[in-house]
> 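Have a look at the structure that comes next, please.
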Amino acid sequence: MRLRFTVAEEAFRQEVRAFVREQLPADIRRKVELGLRLEHADYVTWFRILEARGWLTPGWPVEHGGPGWTHVQRYLFDEETQLAGAPRIIASGIQMLGPVLIAFGTPEQKAKYLPDIRQSNTWWAQGFSEPGAGSDLAAVRTTAALEPDGRHFVVNGHKVWTSYAHWCSMMFALVRTDPAAAKPQEGISFLLIDMTTPGVTVRPIRMLEGGTDLNECYLDNVRVPVENLVGELHKGWTCGKFLLGHERTGIAGIGSCKQQLARARRLAAQLDLADDPLLRARLAQFEAELMALEFTALRLLAPGQRSRTPAVEASMLKVRGTELRQAIYETLVDIAGPDAVPFSADAQFLEHLDQAAVDENLAAVAANCLDARKVSIYGGTNEVQRNLIARAALEAW
């Protein structure tokens, strides 16, 4: 069974495919194909190429620089760019903060921040998770107290697992502005914080595969102007819930799953394992599960679609997509076998390897698998997402 698209949608697919083939720099494509670590400059280069075409912010309305695509066009864009070896759009400003500002921001906030996000001049860190407040964001303890003159908040607290904070100059954060609120979700506000402000400290967290994409951020008496409050005071939970819907849908990573499944087939052929019956069955099972996930995602995007449990659609996609992605990465390691050496960007590490015995196509396989362990944790752990799905389903029925 194949997914069917209209003639116009197929034409759009071909347009995206041709654009990526012609415009994506070869060195960036090669890094993505090999699973090597991308640098900040790699993302900025590709994002600015997309923005020049008007394609960087597919989820934004036309009046704020979006391309005016349908949900299906956005889906096809994501699939084709990832299959062609392009970096996925990860910047928190594009996928998360932008939609929040468009929905809840003041005209001044939109005019000040949205253009810089589109131009990749400003990168934003997501200041949500804290020690003791990961999947349960209502437990945030970072405080923001108004100064007596009412012109600044003074923020104190500790954010953790902050992706790419070392590349960012700004942070959007959930902070507690009313510690006496009756419910945990009440008394939380949504603030924009300049990370160059005195009192902000960023420290890297070394991950399993050796990378430092994650960080912890300490906020010590950080003064934030009141005009950096998004939405109403004490009502930031509304902004946070809105943002998480965008985050978890993207975490499903259907395009990434397809990309890595194609990589597994190429690697199997290279190592003369393509005809192994057990491996063929395993890859076929992934393909069937991926098709089911894709049908689900497109069904939810269909015009007029009404779900009995709309609040958990993003959680459903997140859980299944992340687990499928992890399983494919584990299969890549199995295909590579003992040659799935850990990746290291350290030149001295590479100099000590027997280069004749190390295939560049295998160099990052183990590192990618280790790195993929985090996808079922961030954005709300899959265990918590299952509880949300079950609760919503019971209430709906």
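We number each residue from 1, following the sequence as shown.
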> Got a sec, which residues hit side-chain hydrogen bond (donor to acceptor under 3.5 Å, both in side chains) with Arg21, two or more places apart in sequence or on another chain?
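With neighbours one apart ignored, the set is empty.
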> Could you work out, with side-chain hydrogen bond (donor to acceptor under 3.5 Å, both in side chains) as the rule, every residue matching Glu383, not counting sequence neighbours?
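side-chain hydrogen bond (donor to acceptor under 3.5 Å, both in side chains) list for Glu383, sorted by chain: empty.
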> With sequence neighbours excluded, give me every salt bridge (charged side-chain N to carboxylate O under 4.0 Å, His left out) pair touching residues 272-281.
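Salt bridge (charged side-chain N to carboxylate O under 4.0 Å, His left out) check on residues 272-281 returns no pairs.
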> Is there a donor-acceptor contact under 3.5 Å from the side chain of Glu289 to the main chain of Phe286?
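Absent.
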> Of all residues at least two apart in sequence or in a different chain, which pass the side-chain hydrogen bond (donor to acceptor under 3.5 Å, both in side chains) check with Ser376?
Gln326
> Kindly say whether Gln259 contributes a backbone atom to a donor-acceptor pair with the side chain of Gln82 at under 3.5 angstrom?
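Answer holds: no.
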> Counting only heavy atoms from other residues, nucleotides and ligands, does the tally under 6.0 Å from CZ of Arg48 exceed 12?
yes
> Below 3.5 Å, can you tabulate the donor-acceptor pairs from side chains in residues 362-375 to any protein atom, sequence neighbours excluded?
residue	atom	partner	partner atom	Å
Asn368	OD1	Arg263	NH1	2.8
Asn368	OD1	Arg263	NH2	3.1
Asn368	ND2	Gly35	O	2.9
Asn368	ND2	Ala364	O	3.3
Asp371	OD1	Lys374	NZ	3.0
Arg373	NH1	Glu330	OE2	3.2

> Would you confirm whether Lys110, through its side chain, and Ile102, through its main-chain N or O, come within 3.5 Å as a donor-acceptor pair?
yes
> Ignoring hydrogens and geometry beyond distance, is a side-chain donor-acceptor pair present between Asp178 and His234 at under 3.5 Å?
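No, no side-chain donor-acceptor contact under 3.5 Å.
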> Under 3.5 Å, side chain of Thr331 to main-chain N/O of Ala327, donor-acceptor pair present?
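Side chain of Thr331 to backbone of Ala327: a pair is present.
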> Using the salt bridge (charged side-chain N to carboxylate O under 4.0 Å, His left out) criterion, which residues pair with Arg118? Sequence neighbours excluded.
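With sequence neighbours excluded, Arg118 shows a salt bridge (charged side-chain N to carboxylate O under 4.0 Å, His left out) to Glu51, given in chain and number order.
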> Can you give me the closest heavy-atom contact between Gly65 and Thr57, atom names plus distance?
O-OG1, 3.3 Å
> Is atom CH2 of Trp60 surrounded by more than 12 heavy atoms (other residues, nucleotides or ligands) closer than 6.0 Å?
yes
> Under 30°, 30 to 60°, or over 60°: which ring-plane class applies to Trp69 and Phe77, parallel, tilted or perpendicular?
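If you compare the ring of Trp69 with that of Phe77, the planes turn out tilted.
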> Got a sec, which pairs hit salt bridge (charged side-chain N to carboxylate O under 4.0 Å, His left out) with one end in residues 188-207, sequence neighbours left out?
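Of all non-adjacent pairs touching residues 188-207, none passes salt bridge (charged side-chain N to carboxylate O under 4.0 Å, His left out).
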> Among residues at least two apart in sequence or on other chains, which ones pass ring pair (Phe, Tyr, Trp, His ring centres under 6.0 Å) with Trp123?
His40, Phe47, Trp167
> Apart from Val155 itself, what residues make up its hydrophobic cluster, given side-chain heavy atom links below 4.5 Å?
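Grouped by the 4.5 Å side-chain rule, Leu146, Phe153, Met171, Val175, Leu191, Ile193, Met195, Val200, Val202, Leu219, Val222, Val224, Val226, Leu229, Leu233 form the rest of the cluster around Val155.
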> Mind checking salt bridge (charged side-chain N to carboxylate O under 4.0 Å, His left out) for Arg141 and listing every partner two or more places apart, or none if nothing turns up?
none
> Honestly curious: do Leu261 and Tyr75 fall in one hydrophobic cluster under the side-chain, below-4.5 Å linking rule?
yes
> Would you list the pairs meeting ring-ring contact (aromatic ring centres under 6.0 Å, His included) in which at least one residue belongs to residues 207-229, sequence neighbours left out?
His158-Tyr218
> What residues, two or more places apart in sequence or in another chain, satisfy side-chain contact (heavy atoms from CB on, under 4.5 Å) together with Thr143?
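If we apply the side-chain contact (heavy atoms from CB on, under 4.5 Å) test to Thr143, skipping adjacent residues, the hits are Asn156.
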